[in-house]
2 protein chains.
Amino acid sequence: MRRATVYDVAERAGVSIATVSCTYWQPSRVRESTRLKVLEVAKRLNYIPSASARNLARGRVGALGLYSFDFCPVRSLEQGCEDGQEREGETDICTYPLYADEVERGFQQACWQMGQAVLLGGSTGSNPTRSVVDMAGRVDGLALLSWLGDISTLQRLATIMPVVMLAQNPGDLPVLYVSADNYAGLGELIDHLVGVHGAKRIEYVGSMIDPEMRERFHVIQERLTQLGRPVPLMPVDEGFAAKQPFQSVKAMQLARDLPDALVCENDQTALAVINFLRGLGTRVPDDVMVTGADGILAGQFSDPTLTTVQLPMQRIGNIAAHELARQEGKPWTKTKSVLVSEKLKIRQSCGCERPVIHVSDC
Amino acid sequence: MRRATVYDVAERAGVSIATVSCTYWQPSRVRESTRLKVLEVAKRLNYIPSASARNLARGRVGALGLYSFDFCPVRSLEQGCEDGQEREGETDICTYPLYADEVERGFQQACWQMGQAVLLGGSTGSNPTRSVVDMAGRVDGLALLSWLGDISTLQRLATIMPVVMLAQNPGDLPVLYVSADNYAGLGELIDHLVGVHGAKRIEYVGSMIDPEMRERFHVIQERLTQLGRPVPLMPVDEGFAAKQPFQSVKAMQLARDLPDALVCENDQTALAVINFLRGLGTRVPDDVMVTGADGILAGQFSDPTLTTVQLPMQRIGNIAAHELARQEGKPWTKTKSVLVSEKLKIRQSCGCERPVIHVSDC
DNA sequence: CTGAAAGCGCTAACAG
DNA sequence: CTGTTAGCGCTTTCAG
């Protein structure tokens with residue numbers, strides 16, 4: 001059975017198609033009785049307006065797109081397993097909450113609230129350019145969570161519709177960049193360590209290869225400089241980036257030369273450091289403070305619970321959607337950016353006492 | 001600047017619009033030189049094909065929709081807070097992984113793989129019927145994760161396009177039901193408790209109000225009957241549904257009348273029971289086995305780790321997408337259903353030894 | 001208040 | 001191989 005169209009409804013209701021259309025979009029222009037009649041027929045005919053036709057006529061789609069790369073290992077498929085159901089062993093707690101999910105949540109929520117549809121897309125290993133262009137044809141604006149394709153594609157898109165890049169800034173494109181404010185977040189963390197705990201010597205554990213992590217280190221250096229405290233010239237340990245992780249930390253420990261605080265590139269590294277130190281008989285925070293960054297779930301119930309700065313991924317997604325909607329399909333003409341503040345989560349690993357959260361208390 | 005269309009491209013390339021169209025969809029029909037020319041012009045003009053127009057002409061959308069209700073507290077907005085950023089206190093570990101995310105992941109993945117776009121929708125507290133109908137107009141098929149609207153709307157939709165209901169079965173509609181196979185999953189659990197651990201007396205802790213939980217109880221009864229073991233007539237304790245949770249459990253404990261195993265309605269209840277018993281000096285699994293159902297993250301690193309049956313939410317989403325795509329826009333004509341098997345996760349709370357997963361091992 | 005008619009941008013026969 | 005043409009279903013002036 002063919003789907004009912006405006007024509008069908010109009011015919012059975014004894015009116016013109018214009019009236020049917022108006023019934024939906026400008027009800028005030030239609031006499032009550034006619035409107036009711038139309039609605040009644042529409043329901044009887046099971047009429048569902050075609051969005052394609054409406055969008056074509058209007059020149060607007062009413063949908064925003066979120067393009068995200070499939071970067072979480074939990075999500076990935078195993079060889080020969082079509083549905084991604086099987087995972088090697090257990091789910092890795094250290095990856096929750098998944099950034100992509102958080103961003104998606106915020107994006108989605110904002111879109112729904114604004115009455116926009118949400119289109120999700122991503123590369124499936126195949127051609128990212130192709131898929132993002134296809135998406136672009138379906139939406140009024142596009143947010144990219146993780147774009148690994150070429151800049152030129154981006155440039156093309158940014159010319160004809162609003163594009164926002166999330167937590168990623170590949171240069172001076174006419175797009176909106178929405179990212180976490182590492183600067184303020186880590187600054188606050190350092191302030192806390194220095195101000196509240198009187199830390200004199202603070203060292204950084206992390207990679208200088210990953211640009212994100214490198215930035216974190218620089219922010220810390222800068223803040224310590226401002227505070228007039230000793231500034232580390234290099235990470236004291238590369239963390240997982242090293243072939244032998246934490247050997248420098250071990251050396252310091254053996255030499256009884258641990259700093260007051262070890263600020264780590266992220267939570268995962270911080271938890272590993274804490275565990276590693278425990279193995280050496282060093283206690284956190286008693287002997288040394290350790291902090292992370294990101295705000296993964298595991299840091300909430302590790303022992304000690306982890307002091308960290310929390311990435312505002314949900315908020316980032318949310319803002320992206322709002323800003324896109326505001327553009328009403330019009331591209332940005334120059335680079336813009338929004339920094340979203342991170343939240344300092346003060347917990348036990350810096351020496352601040354707080355009740356442990358027991359899993360069993362659920 | 002107006003967006004380029006096929007007409008623009010055709011004109012500048014000195015060909016007809018049909019040739020432009022063919023260049024994209026039937027490249028073999030176009031001479032190499034012409035094709036290259038068209039592609040070159042298209043790129044120069046920043047041409048992005050309009051999905052609306054294409055879909056309208058084709059009569060197909062190339063997108064599948066997932067409608068889900070915003071039921072997770074973590075997702076919800078606080079009063080006056082537009083972006084859902086602020087959460088009361090910490091994130092609740094006991095809700096991870098979020099079902100909706102898992103389903104979404106599976107759905108998304110399947111769609112991408114099949115080259116289908118994914119449309120996400122949901123009620124934002126406002127009119128669910130309206131939003132679902134709007135969505136329906138934009139897709140070739142619809143999956144509903146949590147439908148709280150009326151059946152008649154469902155019925156209308158199911159008449160004109162394929163609809164699948166996830167983990168929910170409101171009756172004999174011409175739709176596809178995809179849900180977890182409680183039957184086999186819990187059956188296996190019982191088999192394990194009886195077969196491996198020689199459990200004689202098994203009791204159920206949970207509510208009889210929630211239909212899902214009630215079903216779980218019935219499945220357990222049935223299985224025990226089949227095995228010729230004592231069958232509980234009622235849950236021994238209502239769990240959180242009671243005003244005073246676990247009082248019956250407490251009574252049994254005091255009377256030294258604990259069964260061999262307490263099978264709980266879900267993981268959350270199971271973890272709470274374990275904790276409650278610990279408070280009374282009873283050890284799990286030494287004094288009594290306790291099991292859950294759902295497979296939340298917390299059960300992986302609780303002490304003891306939790307034996308449970310894991311809901312296959314990702315797989316459910318995945319199957320839904322595949323089945324929808326197979327219909328190619330055509331509705332189902334009669335009720336169908338697919339049961340997805342749950343996975344028994346044997347851990348410590350039933351007495352099976354396995355290494356504890358330390359959070360700090362991340 | 002209602003209707004006629006002109007597109008929206010693209011696809012898919014069908015001719016050439 | 002390429003061009004012509006007739007829609008796809010809906011919105012929206014502009015007349016009536």
**Q** How close do B:Leu120 and A:Trp112 get, counting heavy atoms only, and between which atoms?
**A** O-NE1, 3.5 Å

**Q** Could you give the CD-to-P distance, from A:Glu32 to C:dT2, as a whole number of Å?
**A** 11 Å

**Q** What heavy-atom pair brings A:Ile316 and A:Ala180 nearest, and what distance separates the two atoms?
**A** CD1-N, 3.7 Å

**Q** Applying a 4.0 Å non-hydrogen cut-off, can you work out what B:Ser52 is touching in the nucleic acid: base, sugar-phosphate, or nothing?
**A** nothing

**Q** Might you point out which heavy atoms bring A:Gln168 and A:Leu145 nearest each other, and give the distance in Å?
**A** NE2-O, 3.6 Å

**Q** Can you tell me if the side-chain N/O atoms of A:Thr19 get under 4.0 Å from OP1 or OP2 in C:dT2?
**A** no

**Q** What do you reckon, is CZ of B:Arg326 surrounded by more than 12 foreign heavy atoms closer than 6.0 Å?
**A** no

**Q** Could you tell me the separation between the CG atom of A:Asp8 and the P atom of D:dC8, rounded to a whole number of Å?
**A** 11 Å

**Q** Nucleotides 10-14 of chain C: which of its N/O atoms have a protein N/O under 3.5 Å away?
**A**
from, atom 1, to, atom 2, distance (Å)
C:dC10, OP1, B:Tyr47, OH, 2.6
C:dC10, OP1, B:Ser50, N, 3.4
C:dC10, OP2, B:Val6, N, 2.4
C:dC10, N4, B:Tyr7, OH, 2.7
C:dT11, OP1, B:Trp25, NE1, 2.4
C:dT11, OP2, B:Ser21, OG, 2.6

**Q** Around B:Arg12, counting heavy atoms of other residues, nucleotides and ligands shown, do more than 12 lie under 6.0 Å from its CZ?
**A** no

**Q** Between A:Ile160 (CD1) and C:dG9 (C1'), how many Å, whole number?
**A** 14 Å

**Q** So if I take the C1' atoms of five pairs at each end of the helix from C:dC1-D:dG16 to C:dG16-D:dC1 and get each local axis, what angle do the two axes make, rounded to 10 degrees?
**A** 30°

**Q** Apply salt bridge (charged side-chain N to carboxylate O under 4.0 Å, His left out) to A:Glu40 and list each qualifying residue two or more places apart in sequence or on a separate chain.
**A** A:Arg44

**Q** Could you tell me whether B:Asp101 and A:Arg105 make a salt bridge, using a distance below 4.0 angstrom between a side-chain N and a carboxylate O?
**A** yes

**Q** Apply the side-chain contact (heavy atoms from CB on, under 4.5 Å) test between A:Pro162 and each candidate in A:Gln327, A:Glu323, A:Lys330; give the one that qualifies.
**A** A:Gln327

**Q** Give the rounded distance in Å between these two atoms: OH of B:Tyr24 and P of C:dG9.
**A** 16 Å

**Q** Side chains of B:Asp150 and B:Thr153: donor-acceptor distance under 3.5 Å anywhere?
**A** yes

**Q** Rounded to the nearest Å, what distance is computed from the CZ atom of residue A:Arg138 to the P atom of nucleotide C:dG9?
**A** 17 Å

**Q** Select from B:Leu56 and B:Ser16 the residue whose nearest nucleotide in DNA chain D is closer to the 5' end of that strand.
**A** B:Ser16

